[in-house]
Number of protein chains: 2
Amino acid sequence: MNLKNLSEILGLSQTTVSRALNDYPEVSEATRERVKAAAAKHNYRANTRAKSLATGRSMAIGHVIPISTQHEIVNPIFADFIAGAGEVYSRNQHDMLLSVVPDVEEERTYRELAAKASVDGVIVHGPRPNDPRIPLLKSLNIPFVVHGRASDGDTDYSWVDVNNRRSFERATNFLFDLGHRKLALINGLEFMDFACRRKEGFLAAHAARGVEANPALMVSDEMTEDFGFKAAHSMLARADAPTAFIVSSMIMAIGVRRAISDARLKMGRDISVIIHDDALSYLPNGAEIPIFTATKSSVHEAGKLCAQMLLDIIVAEDKSPRHTQLESELMVGESTGPA
Amino acid sequence: MNLKNLSEILGLSQTTVSRALNDYPEVSEATRERVKAAAAKHNYRANTRAKSLATGRSMAIGHVIPISTQHEIVNPIFADFIAGAGEVYSRNQHDMLLSVVPDVEEERTYRELAAKASVDGVIVHGPRPNDPRIPLLKSLNIPFVVHGRASDGDTDYSWVDVNNRRSFERATNFLFDLGHRKLALINGLEFMDFACRRKEGFLAAHAARGVEANPALMVSDEMTEDFGFKAAHSMLARADAPTAFIVSSMIMAIGVRRAISDARLKMGRDISVIIHDDALSYLPNGAEIPIFTATKSSVHEAGKLCAQMLLDIIVAEDKSPRHTQLESELMVGESTGPA
DNA sequence: GCAGGTATTCAAAGCGCTTTGGAAATGATT
DNA sequence: AATCATTTCCAAAGCGCTTTGAATACCTGC
């Protein structure tokens, strides 16, 4: 069933049928209803490809998901982010186009997306300091929103980000207030922008209190359970073992918890742990009272915000960059206590 | 830059340029090279929409990701599955179209996908016994592959699935062989096909050994850490507490581990745990030797297989259904020991 | 030197839609 | 009844590509 068929059935021109369906004013209410009824009856829906060829808009948003070539790891926050963004797209009749590519091929992918005109805009994931994708997308002249930020001079692009620096500064201060002085930081890969900022916050709090941060207690790597375990395990064996951990993700924290219980310590009593919680739907931080004290910020929500911002930019007259900085909530759970 | 421009620059017809780029034989090697060089120079790439309008093939595969309306949970295996499938699509110049929709709107979404002709095929996720999507997709006449199976009379569709029944039967027998008799099953929602089959395997092994399965030790729910914890916690408090747990996912198992360590028991010594491990990239089961004894089957691999199968079916003459049944590997880790 | 074949190239139609620039019908106004 | 403004509808062009059917150029062998 296509427009031609449908218009023949109705005894109307394609023009009229098209206008009726797209709610143009120059068609009488009577015919509009007749047309819509027929469309529903025959389960007609405009062919996307033809439609976007004619309009020049693809009604699709691209997400380029880089797979780290060394580690082959999918970012675990990805699913929830996508789910959030996807909701917004569905509501606005947009499709989501996913390209899963090795990180080394990202540039080529963006260029193709632009040349093939298959999307109206893209979301950039996992920015790094001085991220080359930002100038690239600007030069390709394709609307985009960055989830996170790329610290460099040029802040002239749209982003949605958590205030990572402040989150970790607060978390650190929270532990200081409880009397802890030997704090460990178990961070994500520090060539990622968010991890840099978190470390900055951690160090800033130390500086403000005049406490020396111990370099041996600051590590960073891919955010897996296994790394969390190994890092915590070896730190706990040290003479200058920490009395508290600040951990960049729930998944690493699960490893930390394993190391703690292997050491026959009790979290919250013998040792404190505070995490950043992305509020992943499949890893809720306990039910009633949080297992981990956490700086919490929903990545699902961030997905929604990014998507909405991008859709807004695409239709807006004013294409000037927009920024949304989210503050995480500091939620006290069972994993922290006095030193 | 479009075909017209490019052909004008080259002083050739659009026909010739198109054929040169698409490796048709009726164009001389000399001009082909000239054309390809020019295309590269001007960063030309055929407009996807125009191309697929002309060819009738969209070169895109749809994935409809249902969000449970009650729980708003994204399936944690989703990211790895998508990553696997995405790799295959990229390699074959296909796009992946994702629709994230509330489960109640799934049918409408499939109908739209078909009517709008925006994909050449779809992958069906999370099948249930007697899944209505299968007859629907058949009637819409759109190629599809199911990840998993829907137990009912009609097996006349393509699927890729793990032998869940056998996996759990083996796991159960493994525990029996270690001398365990009081086994607990912590399963996913049993209106999902995979969970049904796992339970069947669990019960079949019991029946074969003449051991009575204790209904109080078989639970099923959304597969979260929290549910794993609560289930194990309450079971361990029982008079007829189990000596071993069979757990349907890594994430639930993490909760089980928490309950075990809270009870001051040691996994592998005081109590055994065997899990099903989907080999999620961000939740590896330990590094050298597995933390959990597990029936392991990579969902990333399953994603690749589903994608490849679907692409094959789309181009094949023979559209008859194909099946791939994967056997999981039983990997012995540190979480099991004699009763 | 020419028929017959092959290797190249091209003009134009068509994919299914939107949209421009009228045309026809209707209604209001004189 | 004639005029003009509105409504309501339509034919046809165009989006950027592929593909059909035909034309042209280039070789053969006799």
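Values in this document were obtained by computation on a predicted structure and should not be read as measured data. Quick note: numbers below take in every heavy atom, side chains included, and nothing from hydrogens, waters or symmetry partners. Chain identifiers are assigned alphabetically (A, B, ...) following the order of the sequence lines, protein sequences preceding nucleic acid strands; residue numbering begins at 1 within each chain.
Straight-line distance from the CD atom of Gln14(B) to the P atom of dT9(C): 16 Å, rounded to whole Å. Computed from coordinates, the Arg32(B) CZ to dA7(C) C1' distance equals 13 Å when rounded to whole Å. Between the NZ atom of Lys116(B) and the P atom of dT18(C) there is a distance of 12 Å, given to the nearest Å. When the P atom of dA23(D) is taken as reference, atom CD of Glu26(B) falls 18 Å away, rounded to whole Å. Look at CG on Leu53(B): it is 17 Å from P on dG14(D), rounded to the nearest Å. In this entry the distance linking CG of Leu21(A) with C1' of dG16(C) reads 13 Å, nearest Å. If you measure from atom CZ of Arg57(B) to atom P of dG16(C), you get 16 Å, rounded to the nearest angstrom. Summarising the geometry, the separation between CG on Asn47(A) and C1' on dC15(D) is reported as 13 Å, rounded to the nearest angstrom.
Each of dT8(C), dC10(D), dT18(D) was ranked by its minimum atom distance to the side chain of Leu3(B); first place goes to dT18(D). Candidate nucleotides dT19(D), dG16(C), dA12(D) were compared by shortest atom distance to the side chain of Thr15(A), and dA12(D) ranks first. Minimum atom distance to the side chain of Ala50(A) is reached by dC17(C), of the listed dG16(D), dC17(C), dC9(D). Comparing atom distances between the Lys51(B) side chain and each of dC17(D), dC10(C), dC10(D) picks out dC17(D) as nearest.
Distances shown here put every side-chain N or O of Ser13(A) at or beyond 4.0 Å from the OP1 or OP2 atom of dC9(D). Close to dG16(D), at under 4.0 Å from its OP1 or OP2, lies no side-chain N or O of Tyr44(B). A close approach under 4.0 Å does occur between a side-chain nitrogen or oxygen of Asn22(B) and OP1 or OP2 of dT18(D). Checking the phosphate oxygens (OP1, OP2) of dT19(D), a side-chain nitrogen or oxygen of Tyr24(B) falls inside 4.0 Å.
Enclosure of atom NZ in Lys138(A) by more than 12 non-hydrogen atoms of other residues, nucleotides or ligands within 6.0 angstrom is indicated.
Using the six-membered ring where Trp is involved, His125(B) and Phe81(B) have ring planes that are perpendicular, over 60° apart on the 30 and 60° scheme.
Nearest-nucleotide positions on DNA chain C for Arg19(B) and Lys4(A) put Arg19(B) closer to the 5' end.
A salt bridge is defined here as a Lys NZ or Arg NE, NH1 or NH2 lying under 4.0 Å from an Asp or Glu carboxylate O, and Lys36(A) with Glu33(A) fails to meet this definition.
Across all strands shown, Thr31(A) has heavy atoms under 4.0 Å from sugar-phosphate atoms exclusively, and none from any base. Contact annotation for Ser28(A): backbone-only contact, meaning every heavy-atom pair under 4.0 Å involves sugar-phosphate atoms and none involves a base. Contacts of Thr55(A) with the nucleic acid, taken as non-hydrogen atoms under 4.0 Å apart, involve only primed sugar atoms and P, OP1 or OP2.
For the atom pair CG (Asp161(B)) and CG (Leu305(B)), the distance works out to 11.5 Å, reported to the nearest 0.5 Å. Atom CG of Asp80(A) is separated from atom CZ of Phe78(A) by 10.5 Å, given to the nearest 0.5 angstrom.
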